[in-house]
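One structure below.
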There are 2 protein chains.
Amino acid sequence: MTPAAPELPAVVRRFIEDAGNATQSFGIGRVLGQIYAYLYFSPEPRNLADMQAALGISKGSASMGVRQLEQWNAVRQVWVRGDRKDYYEANDWLGEIVRNILRDTVGKKLNGATSLLEELKADLNGAGPATTSPDRDRAFIETRIQHLRDFHSKAQKVWNSRIVRMLLK
Amino acid sequence: MTPAAPELPAVVRRFIEDAGNATQSFGIGRVLGQIYAYLYFSPEPRNLADMQAALGISKGSASMGVRQLEQWNAVRQVWVRGDRKDYYEANDWLGEIVRNILRDTVGKKLNGATSLLEELKADLNGAGPATTSPDRDRAFIETRIQHLRDFHSKAQKVWNSRIVRMLLK
DNA sequence: ATGCACGTTCAAAGTGTATTGAACATACAA
DNA sequence: TTGTATGTTCAATACACTTTGAACGTGCAT
């Protein structure tokens, strides 16, 4: 039987709350912040049941949450001998975590935009001169799309640049 | 009477749709992307009624949308003589827009975190030794909070650094 | 083999946020 | 002053996204 989860200190409860708000407002869901904060302030590794009890979340949330956090290397699984539950502890290298999250969110979107712009360019050529819109309008649109592609390629260069990688380190 | 809005070219419709998805996924709402894209591809300035017709959004959305976009300098109001409606056109300097949005979203949150961390530190000191938790646990928590503050101050330095400002330019 | 303890899944419920639209404000024209 | 054309506001609604929990999968112990 699991010993009753010790009551968390007020500071920690407070922080868990704020971390949850933060991750929520960044669009990655409230429980991720809560779980990470809980583990971050736990001197010992914790299992899924501990998280459920401490945070008042469901089994499913705990399970999905740690998996997502693992993918970002925000938490790691550790073995506790004599217990076959899964235990986790927080990775305290915050820079790495932020970097991984950004790569996964921003980076993915930049790449998505790449293929999108390619398609648009193709559409534009494919459509031919059969449109009802005057040539002038069409020229304007082409100019803007080109402008967009220039910006996008510059953005990608910056994103992949060594400088940014260093900054995120 | 407003002349019937000319049917938008397929490429433009497509782009408006994607821009809406993009801004939605970035957590700033779908209409912002739609309005901006519409103006970005409009050879002439457009008024709120045009936007409603072209995008199928409500009067309120158009009004609130352009106001938000104005705050980020993504669009500007222009005067069309002989017409007292408000007309808008897109600012095509995308770098500036991205920078303004980031300043408004990320920057604001970093500053919020500052005061939060101060409070936590104060709480920790204020609580005194009257807690039930063992000294060892308490020491652990203090260490982690300090770690957090170090990371936060580093993050702020990076965010405010000239390098980042240049990159966003 | 069976029971048990744990983790995972995903359709359904819940929650927070974006969007609507009717009521209101404003400004100009007649 | 009244009427008309426009922009703004915000409570109500619609929507997308998060979270739940019951059902299922898995592997170990007996």
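Protein chains get the first letters and strands the later ones, always in sequence-line order, with residue 1 at the start of each. Note that the coordinates shown come from a computational prediction; the quantities given were computed from them, not determined experimentally.
In terms of heavy-atom proximity, A:Phe151 sits nearest to B:Gly95 at CE1-N, 3.4 Å.
A search for side-chain contact (heavy atoms from CB on, under 4.5 Å) contacts involving B:Lys109 returns A:Ser25, A:Phe26, not counting sequence neighbours. Under the side-chain contact (heavy atoms from CB on, under 4.5 Å) criterion, B:Thr23 pairs with B:Ile28, not counting sequence neighbours. With sequence neighbours excluded, the residues that form a side-chain contact (heavy atoms from CB on, under 4.5 Å) with B:Asp83 are B:Val80, B:Lys85, B:Tyr87. In this structure B:Arg13 satisfies the side-chain contact (heavy atoms from CB on, under 4.5 Å) test together with B:Glu7, B:Leu8, B:Ala10, sequence neighbours excluded. A:Asp150 meets the side-chain hydrogen bond (donor to acceptor under 3.5 Å, both in side chains) test with A:Gln146; sequence neighbours excluded. By the side-chain hydrogen bond (donor to acceptor under 3.5 Å, both in side chains) test, B:Glu17 is found to be paired with no residue, residues two or more places apart in sequence or in another chain being considered. In terms of the salt bridge (charged side-chain N to carboxylate O under 4.0 Å, His left out) criterion, residue partners of B:Glu118 (sequence neighbours excluded) are, by chain and number, B:Arg149.
DNA chain D is contacted by B:Lys59, B:Gly60, B:Ser63, B:Met64, B:Arg67 of residues 56-71 of chain B, taking any non-hydrogen atom closer than 4.0 Å. Only A:Gln24, listed by number, bring a heavy atom of residues 17-27 of chain A to less than 4.0 angstrom from any atom of DNA chain C.
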Which atom pairs, one a donor and one an acceptor, fall under 3.5 Å between side chains of residues 67-78 of chain A and the rest of the protein, sequence neighbours left out?
| from | atom 1 | to | atom 2 | distance (Å) |
| --- | --- | --- | --- | --- |
| A:Trp72 | NE1 | A:Asp104 | OD2 | 3.2 |
| A:Arg76 | NH1 | A:Glu89 | OE2 | 2.8 |
| A:Gln77 | NE2 | A:Asp86 | OD1 | 3.2 |

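A donor-acceptor pair shorter than 3.5 Å can be found between the side chains of A:Thr114 and A:Gln156.
Using a 4.0 Å cutoff to heavy atoms of chain B, the contacted part of DNA chain C runs 5' to 3' from C:dA18 to C:dG21. With a cutoff of under 4.0 Å to any heavy atom of chain B, the contacted region of DNA chain D is bounded 5' to 3' by D:dA5 to D:dA16.
Remark: the backbone N or O of A:Trp93 is not paired with any side-chain donor or acceptor of B:His147 at under 3.5 angstrom.
A cation-pi arrangement is not found for A:Arg46 relative to A:Tyr88, the charged atom failing to lie both closer than 6.0 Å to the ring centre and inside a 45° cone about the ring normal.
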